[in-house]
K.L.:
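Mind looking over this structure? Questions follow.
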Amino acid sequence: MGIRVAKFGGSSLADAGQFRKVRQILLSDPSRRYAVPSAPGKRFSDDIKITDMLYHCHRLAQRKQPYAELFDQIAQRYLDIARELEIDYDLKPQLDEACDLIRTGSPDYAASRGEYFSGLLLAKYLGWDFVDPIDMIKFDRQGVFASEWSNQVVADTLKDHEYAVIPGFYGSLPNGEVRTFSRGGSDITGAVVARGVGAELYENWTDVSGFLMADPRIVKNPKRIAQLTYRELRELSYMGATVLHEDSVFPVRKAGIPTNIKNTNCPDDPGTMIVMDGTESKPLGQITGIAGHKNFSLLSIEKAMMNSEIGFGRRVLQALEDFGVSFEHLPTGIDTMTVILPDADLVERKEQIIQRIEEYTHPDSVELTSGLALIATVGHGMVRQPGSAAKLSGALARAGVNVRMIDQGSSEFNIIVGVDIPEFERAVQAIYNAFVE
Ligand code: ASP
């Protein structure tokens, strides 16, 4: 029987009722052998996540302000869960110890306690082993995650534990100090554990039934994405669609393990399956999803005979590199080159960048226009399918949207258009209607 690793997000463990659902999910399938919990999240919209409260305790401690009352609220949430679930385990001494250590510990130590206590309770509730990731998830001296080292230690450690709970989000530096991933990092722990134990499936349990084909704030009731490849996911999340921590893709993709996004509150929903590249192609003509971002600038450079001037492109990009600016897209014409840049990278440097480009390339004109939104339409179903780009631009034309830029990579599975920001929502809706409805 293959092994499944199940990671549960904060909303899946927000209170005793959610813990019950998690237990039921885990015990309903004996192949679910390793559980990776987050810290309890919000129980209602104005609630505060335990992780945020722990960071706050640490900040107060740093300023030598009292934080015991705030920590008590955190402790109470765990104690309530334990009491309601009748878990026969006294957490109090460990909670007191953590409260004390926050005074002198790092912010990472404080934050890590959220997952630690969540994991302790879940392990007791299930009757599974508790394995502290401090001994398995390794970071180097610079604080960079050591993926191969961790993979080896996870594999060696977990072979001795048939069923175990491993808290997400943290591990340790070579000196033994706690180190966390960036926010949302329990997704990464889950993926690392899945790779380490050679899982057949990585289940990521959250509070939605998978990815949607478009942002529901723009498109009403968009369809769910039943299946997509890791590459499609990468394109969509790069363009703003988020459910999964980006770094969590790497370990499972490398090991050829699919990821299933599932809903703890509707466990029978199939969710979204993320599969290896090339596993499954979509029916021809169909797209997988649409995602987009606002606030980009267009840098347009014109120079007669540019196409035959060797090194022109390199000089433009050198000017950007001088200012540490990375570019998003680079559509070119015969005597024009356009560079799409995120506005955030340009703040207060626009004039200097233009000057540097003039100095390096002596162009006929350079112009920088901001106020652009980019929309990516992604799907393997568009590959070698005549008419995809026409369908897309036709839909935008009918909706009265002016396309400022269009870029289709030669892989053909991602068409990116740039439109003026006020037309962004209308454009996304028009593309969705053309391909999906
Ligand atoms: N608890 C951490 C956070 O809120 C990590 C996680 O939930 O994945 O960011």
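The analysis underlying the following values was restricted to heavy atoms, covering all of them including side chains, and did not include hydrogens, waters or symmetry mates. On a predicted model such as this, the values are computed, not experimentally measured, just so you know. Remember, it's 1-based here, ligands and their atoms both numbered in the order they're listed.
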K.L.:
Quick one: does any side-chain atom of T51 pair with a main-chain N or O of A111 as donor and acceptor, under 3.5 Å?
P.N.:
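No, T51 side chain to A111 backbone: no donor-acceptor pair under 3.5 Å.
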
K.L.:
Measure the acute angle between the ring planes of W128 and Y163, then classify it against the limits of 30° and 60° as parallel, tilted or perpendicular.
P.N.:
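W128 vs Y163 ring planes: tilted.
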
K.L.:
Given D187, which of T259, T206, V192, N204 fulfils the side chain to side chain contact (heavy atoms under 4.5 Å, CB included) condition?
P.N.:
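Looking at T259, T206, V192, N204, the match for D187 under the side chain to side chain contact (heavy atoms under 4.5 Å, CB included) is N204.
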
K.L.:
Is R231 close enough and on-axis enough to F413, meaning under 6.0 Å and within 45°, for cation-pi?
P.N.:
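Judged by the rule, R231 and F413 form no cation-pi pair.
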
K.L.:
Could you please provide the protein residues found below 4.0 Å of ligand 1 on a heavy-atom basis, arranged by chain and number?
P.N.:
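Ligand 1 pocket, heavy atoms under 4.0 Å: S38, K49, T51, E115, F169, R183, G184, G185, S186.
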
K.L.:
Taking the six-membered ring of Y170 as reference, does the NZ or CZ atom of R113 fall below 6.0 Å from its centre and within a 45° cone about the axis?
P.N.:
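Flagged: R113 positioned over aromatic ring of Y170.
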
K.L.:
With T264, which of I25, V208, D207 fulfils side chain to side chain contact (heavy atoms under 4.5 Å, CB included)?
P.N.:
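So the option named by the test is I25.
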
